[in-house]
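The structure appears right after this line, and notes come after that.
Sequential numbering from 1 along the given sequence is applied to the chain's residues.
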Amino acid sequence: MKEVIVIGGGPAGMMAAIAAKNENNNVTIIEKNEKLGKKLYITGKGRCNITNYKDISEFFPEINRNEKFMYSALYSFSNMDILNLLSEYGLEYKVERGDRVFPVSDKSSDVIKTFKKILNDRGINLIFDEDIRYIEKVDDKFRLYSKESSFSCDYLVIATGGNSYKKTGSTGDGYKFAKNFGIEVTDIYPGLVGLNLNSSIHKELSGVNLKNVEVALNKNGKPFKKEFGEALFTHFGISGPTILSLSSLIYPKEKCSLSIDLKPGLNYNQLDDRINRDFNKYINKDIENGLRDLLIKSLIKPVLEISNIPRDKKINQITKEERHRLTKTIKGLEFNINCLRDFNEAIITRGGVDVKELDSSTMESKKVENLYFVGEVIDVDAFTGGYNLQIAYSTGFLAGSSIKDDCNDN
């Protein structure tokens, strides 16, 4: 009978354990927290964006780094596979905007409960509140040590997560374990995180939620990537779905800025005509009052400030040049990016165990036999929309299936 240990009880670890279990092995999950899936509880704002309903072939453009590495994993265990598995154990799901999949109950706890059912059904052992500090391999056995306990196994899966949301237990343990075995780890950065802006204007806008805007990320003064949707100004700068996605394309020391098109449905000339019509309608009013049909109230002051137009200037005194400056500002509200917010606010970690060190068809280390790395600990990350969780399920399944096959052969 072979012993299999999975370190980490998140989605990747649970899936690895489920896929690995058969009559020829004992499978144990060792979790440093007091319960399973602590980070999964807070995903999707507590609703758990389980996966995305797009065809699996459409996942690859959503993967920011090393998408080719994911071909075997995603096609071996797809979004439909995880949904079928959870449905088989009673979880009902629904598909929302952007093909995001959520539990019908809107409770991430129901997803965790379903995983627990599967783990119990498969006879998988669970050990909680055990923080593994050191791992070594002696002969063909892995030896794992916590502060007060030790464990031994034939197969070991590292599913410890990344370095984000440390309060959930993601403290970068997997990177340390990898390095101790001589396995390369790429530099890590916060991913899917808010941005600090080098501007005082955002403080005036703190709490303002922009909807249906187009946000462009510019690098070295040139357009790099655009996102359409929502953006939220905060006390530190800016966040929201569009910003989180764009943040995963920014690296430290890069000179980057944001340009927000407040009216993407109108081209420059159409917007200029619209402003002209409003000016004619409110010709004798202050410009601040004349823009209320076009912009939400909280945007008017900063837009006029950036356009260098006094708020109390009468519309009948506005020059053509000033109107064009106003149109340009609304089509491109610009902010320089100071830096990414830190790991404590990041949804995911970018970087990790170098994929060149792993067999993409099994997730096994090329240097250490029977050692596997899955989920956020590896250098693969994606944009928002359920893709990162699918990466966790798929890599976990691939590692577990490989272990099960090996146990059958031996």
>> More than 12 heavy atoms of other residues, nucleotides or ligands under 6.0 Å from CD of E369: yes or no?
In response: no
>> For K107, is the NZ atom crowded, meaning more than 12 foreign heavy atoms sit under 6.0 Å from it?
In response: no
>> Against the six-membered ring of Y145, is R133 placed for a cation-pi contact (under 6.0 Å from the centre, within 45° of the normal)?
In response: no
> In Å, rounded to the nearest 0.5 Å, how long is the span from CD1 of I7 to CG of L144?
Replying inline: 4.5 Å
> Would L119 and L126 count as a side chain to side chain contact (heavy atoms under 4.5 Å, CB included) if you check the C-alpha gap in whole Å, the side-chain angles of each, and the deciding distance to 0.1 Å?
Replying inline: CA-CA 9 Å; L119 294 170; L126 302 174; 4.2 Å; yes
>> For K226 and T242, which I'm curious about, is there any donor-acceptor pair between the side chains at under 3.5 Å?
In response: no
> Do D273 and I275 come within less than 4.5 Å of each other through their side chains, counting heavy atoms only?
Replying inline: no
> What's the spacing between S401 OG and M363 CE if we round to 0.5 Å?
Replying inline: 11.0 Å
> For the residue pair M1 and N24, what are the closest heavy atoms and their distance?
Replying inline: SD-C, 3.2 Å
> Only one of R65, R350, K356 forms a salt bridge (charged side-chain N to carboxylate O under 4.0 Å, His left out) with D379, so which one is it?
Replying inline: R65
> Which heavy atom in C48 sits nearest to a heavy atom in P103, and how many Å separate them?
Replying inline: O-CD, 3.3 Å
> Would E322 and K313 pass as an ion pair if we require N to O under 4.0 Å?
Replying inline: yes
>> Pair T395, M70 - check side chain to side chain contact (heavy atoms under 4.5 Å, CB included), show working.
In response: CA-CA 8 Å; T395 54; M70 287 299 303; 3.8 Å; yes
> So I30 and F151, side chain to side chain contact (heavy atoms under 4.5 Å, CB included) or not? Walk me through it.
Replying inline: CA-CA 10 Å; I30 299 179; F151 307 88; 3.9 Å; yes
> Going by atom types only, do T186 and D354 share a side-chain donor-acceptor pair under 3.5 Å?
Replying inline: no
> Residues in salt bridge (Lys or Arg N to Asp or Glu O under 4.0 Å) with R100, at least two apart?
Replying inline: none
> Under 3.5 Å, side chain of S76 to main-chain N/O of L398, donor-acceptor pair present?
Replying inline: no
>> Any side-chain to backbone donor/acceptor pair from E288 onto D312? Under 3.5 Å, distance only.
In response: no
>> Would the distance check show the side chain of E376 and the main-chain N or O of T349 forming a donor-acceptor pair, the cut-off being under 3.5 Å?
In response: yes
> Are the aromatic ring centres of F177 and F373 under 6.0 angstrom apart?
Replying inline: no
>> Are the side chains of C256 and N218 in contact, using a 4.5 Å heavy-atom criterion?
In response: no
> Is it the case that S78 and D81 place a side-chain donor and acceptor less than 3.5 Å from each other?
Replying inline: yes
> Does some side-chain heavy atom of F142 sit less than 4.5 Å from a side-chain heavy atom of Y155?
Replying inline: no
> Counting heavy atoms not belonging to Y53, are there more than 12 under 6.0 Å from its OH?
Replying inline: no
> Does a side-chain heavy-atom distance below 4.5 Å link L340 with N196?
Replying inline: no
> Can any side-chain N or O of K54 pair as donor or acceptor with the backbone N or O of F59 at less than 3.5 Å?
Replying inline: no
>> Using the ring pair (Phe, Tyr, Trp, His ring centres under 6.0 Å) criterion, which residues pair with Y251? Sequence neighbours excluded.
In response: Y189
>> Can you see whether N79 engages T51 through a side-chain donor-acceptor pair at a distance of less than 3.5 angstrom?
In response: no
>> Using side-chain heavy atoms (C-beta onward) and a distance below 4.5 Å, is K94 in contact with E96?
In response: yes
> More than 12 non-hydrogen atoms from neighbouring residues, nucleotides or ligands closer than 6.0 Å to CG on N84, yes or no?
Replying inline: yes
> Does the pair L195 and F236 meet the rule for a side chain to side chain contact (heavy atoms under 4.5 Å, CB included), with working shown?
Replying inline: CA-CA 8 Å; L195 303 173; F236 58 76; 5.9 Å; no
>> Has E345 got a side-chain atom pairing as donor or acceptor with D342's backbone, closer than 3.5 angstrom?
In response: no
> Is the closest side-chain heavy-atom distance between I5 and V157 below 4.5 Å?
Replying inline: no
>> Strictly by ring pair (Phe, Tyr, Trp, His ring centres under 6.0 Å), give each pair with a member in residues 332-362 just once, sequence neighbours left out.
In response: F233-F335
> Do K328 and S307 meet the criterion of a side-chain donor-acceptor pair at a distance under 3.5 Å?
Replying inline: no
> Mind checking whether I238 and L232 have side chains closer than 4.5 Å, heavy atoms only?
Replying inline: no
> Does the cation-pi check pass for K35 over Y41, that is, NZ or CZ under 6.0 Å from the six-membered ring centre and within 45° of its axis?
Replying inline: yes
> Counting heavy atoms not belonging to E34, are there more than 12 under 6.0 Å from its CD?
Replying inline: yes
> Do we see a donor-acceptor contact under 3.5 Å between the side chains of S146 and D131?
Replying inline: no
> Which one of D381, N388, T43, L244 satisfies the side chain to side chain contact (heavy atoms under 4.5 Å, CB included) criterion with I347?
Replying inline: L244
>> Is it the case that the side chain of S206 and the backbone of H235 share a donor-acceptor pair, with hydrogens and angles ignored and the cut-off at 3.5 Å?
In response: yes
> Would one find more than 12 heavy atoms of other residues, nucleotides or ligands at under 6.0 Å from atom CD of E92?
Replying inline: no
>> For E305, is there an ion pair with K301 - N to carboxylate O distance below 4.0 angstrom?
In response: no
> Quick one: does D272's side chain have a donor or acceptor within less than 3.5 Å of a partner on Y268's backbone?
Replying inline: no
> Is K141 salt-bridged to D154, cutoff N-O under 4.0 Å?
Replying inline: yes
>> Could you walk me through whether D293 and R274 satisfy the salt bridge (charged side-chain N to carboxylate O under 4.0 Å, His left out) test, starting with their C-alpha distance in whole Å, then the side-chain angles of each, then the deciding distance to 0.1 Å, before giving a yes or no?
In response: CA-CA 10 Å; D293 290 353; R274 165 65 194 276; 5.3 Å; no
> Has the side chain of T160 got a donor or acceptor atom that lies under 3.5 Å from a matching backbone atom of G174?
Replying inline: yes
>> Please check this pair: side chain of N49 against backbone of Y387, looking for a donor-acceptor N/O pair closer than 3.5 Å.
In response: no
> Are N26 and N125 linked by a side-chain donor-acceptor pair shorter than 3.5 Å?
Replying inline: no
> If every non-hydrogen atom of Y393 is compared with every non-hydrogen atom of I50, which pair is closest and at what distance?
Replying inline: OH-O, 2.9 Å
>> I need the minimum non-hydrogen distance between V185 and A178, along with the two atoms involved.
In response: CG2-CB, 3.9 Å
> Got more than 12 heavy atoms from elsewhere within 6.0 Å of NZ, K219?
Replying inline: yes
> Just by modelled atom types, is the G182 backbone N or O under 3.5 Å from a matching donor or acceptor in the K367 side chain?
Replying inline: yes
>> Distance check, rounded to the nearest 0.5 Å: N163 atom CG versus I348 atom CD1?
In response: 12.5 Å
> Shortest non-hydrogen contact from G332 to S259?
Replying inline: CA-OG, 3.5 Å
>> Looking at every heavy atom in both A346 and S164, which two are closest together, and how far apart are they?
In response: O-CB, 3.1 Å
>> Less than 4.5 Å apart, side chain to side chain, heavy atoms only: is that true for R143 and I135?
In response: no
>> For N180 and Y134, which I'm curious about, is there any donor-acceptor pair between the side chains at under 3.5 Å?
In response: no
